[in-house]
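Note on naming: letters A, B, ... go to the chains in the order of the sequence lines (proteins, then strands), and numbering restarts at 1 for each one.
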2 protein chains.
Amino acid sequence: MARATQEQSEETARTVLITAQELFAEYGYEAVGLEQVAAGAGVTRGAVYHHFRSKKGLFEAVLDEAQSQVSAAITQAAPGEGWDAIEEGCKAFLRASISPGVRRIMLVDAPAVLGWTTWRRSDARHSARLLEEGLESVIGPEEDRSAIAALLSGAMNEAAMWIAEGGDIASAERALSQILRSLRSP
Amino acid sequence: MARATQEQSEETARTVLITAQELFAEYGYEAVGLEQVAAGAGVTRGAVYHHFRSKKGLFEAVLDEAQSQVSAAITQAAPGEGWDAIEEGCKAFLRASISPGVRRIMLVDAPAVLGWTTWRRSDARHSARLLEEGLESVIGPEEDRSAIAALLSGAMNEAAMWIAEGGDIASAERALSQILRSLRSP
DNA sequence: CTACAATACATACACCGTGTATGTATAGGC
DNA sequence: GCCTATACATACACGGTGTATGTATTGTAG
């Protein structure tokens, strides 16, 4: 296998990935051509297709990157367990999801580009997993746990977009606290 | 103006619209070409472009149709006011949104195709408006009302997809009731 | 150290889908 | 009964994805 070149290669792939994340985040998936991505990364489309199977493949990698950034922010802000950790985690999710590099990719384009099921599976490996695990540690294996997690997850996603489009973050956090209260004391 | 032909023309436009709704709903916006739509409607792409400005324009019309179906179902199922009406309205939203002719168009593709802001504006003329008005009639002009409506709306959308992909509708409705309880008695 | 094979890209090309320009027939007002 | 506008069909231009091919360089085996 290659050695010195391998690092070079990985760096190229990384550059393409970051460039794509920026462009997808700003203009949306369909409005961005791979020519733009390649040019922005200082390569040609050939390199892009070499590292990523297709435009969708590139997007999947970008999504994974964005979701990793978000879930990292969550675990850092709310490492513990219990209801307070969940609430803090949700708030961290909001703050992280507002980031322009994440928002549109993760919350708007991903479901449409990859399909809702694939998107959800991908989410289940990141922030949605944290939410479900947090809930399980608090309310146990209640039968409606998955449904509750789904509703909460949807509420969080919409809240993030709502904030990003001009909504007040403090107001959203208060609304979130209020909703969580009903789950804390059934 | 034309008379007999005008009706003919409107029927053609309607046929194209319905065909597009079926195809978009089943295969998704980007996977459907206007050639398919035209063929399914028994016309050529020329007719499609005559009645609708562009593929996006056609999609906007389809979305409006789908949202009208949903909001009609809501107002029929929950015509009154008060918390019970809101809860019934939400449940009606779930049942209506699960419909295969609505689901993907309204909940998955619309934000990506039209952009989140446009999508939200469109939603604000249909089910989201009903939700906001219902909330206003119950909790008054509380400052967090918009945030609460956003969270609830997101929760409902996600719940609909969750159900459509195999989740239990009764479970989702219980989770919804639980969340609404926190808002009923602050 | 040399020949070979695989990797990392660039270049060139085919295909499909959107959008637009143009053509044509019919309908309804004057 | 002419004339214009409407309702569509046909034809074409363009952009973007994907794929096939070319090429240089690197790591490796003999």
Distance, rounded to the nearest Å, where A:Leu58 contributes CG and D:dG16 contributes P: 16 Å
As a test of reading the structure: which of D:dT17, C:dT20, C:dC9 is closest to the side chain of B:Tyr49, going by heavy atoms? C:dT20
Considering only NZ, NE, NH1 and NH2 on the basic side and carboxylate oxygens on the acidic side, decide whether A:Glu87 and A:Lys91 come within less than 4.0 Å. yes
Do A:Thr19 and A:Gln36 pass the side chain to side chain contact (heavy atoms under 4.5 Å, CB included) test, and can you show the C-alpha distance, the side-chain angles, and the key distance before you say yes or no? CA-CA 9 Å; A:Thr19 306; A:Gln36 280 179 67; over 6 Å; no
Among the nucleotides D:dG18, C:dC9, D:dC8, whichever has the atom closest to the side chain of A:Lys55 is D:dG18
N/O donor-acceptor pair under 3.5 Å between A:Ser153 side chain and A:Ala149 backbone: no
Between D:dA11, C:dA10, D:dT17, which nucleotide gets closest to the side-chain atoms of A:Val43? C:dA10
Measure from CD on B:Glu35 to P on D:dC12 and round the result to the nearest Å. 16 Å
Rounded to whole Å, the CZ-C1' distance (B:Phe52 to C:dG19) equals 16 Å
Taking B:Gln8's backbone N and O only, do any of them form a donor-acceptor pair with B:Thr12's side chain (distance below 3.5 Å, no angle check)? yes
Looking at every strand, decide which applies to B:Val37 at a 4.0 Å heavy-atom threshold: base, sugar-phosphate, or nothing. nothing
Quick check: on DNA chain D, is the nucleotide nearest A:Arg45 upstream (toward 5') of the one nearest B:Glu10, or the reverse? Name the residue that is more 5'. B:Glu10
Once you round it to whole Å, what is the distance between P of D:dG16 and CD of B:Glu30? 16 Å
Look at all strands and tell whether A:Gly33 reaches a base, only sugar-phosphate, or nothing, counting heavy atoms closer than 4.0 Å. sugar-phosphate
Would you compute the distance between atom CZ of A:Arg184 and atom OG of A:Ser177 and round it to the nearest 0.5 angstrom? 8.0 Å
Would you say B:Ser9 reaches D:dA7's phosphate, i.e. side-chain N/O to OP1/OP2 under 4.0 Å? yes
Nucleotide nearest A:Thr12 when distance is taken to its side chain, options C:dG19, C:dC9, D:dC8: C:dC9
Rounded to the Å, how far apart are B:Gln8 CD and C:dA25 C1'? 14 Å
How close or far is atom P of D:dT17 from atom CZ of A:Arg53, stated in whole angstroms? 18 Å
Does a side-chain N or O of A:His51 approach OP1 or OP2 of C:dA8 to a distance below 4.0 Å, or not? no
Check this one for me: any side-chain N or O of A:His50 less than 4.0 Å away from OP1 or OP2 of C:dA8? yes
Within this structure, what is the NZ-to-P distance between A:Lys56 and D:dT19, rounded to whole angstrom? 13 Å
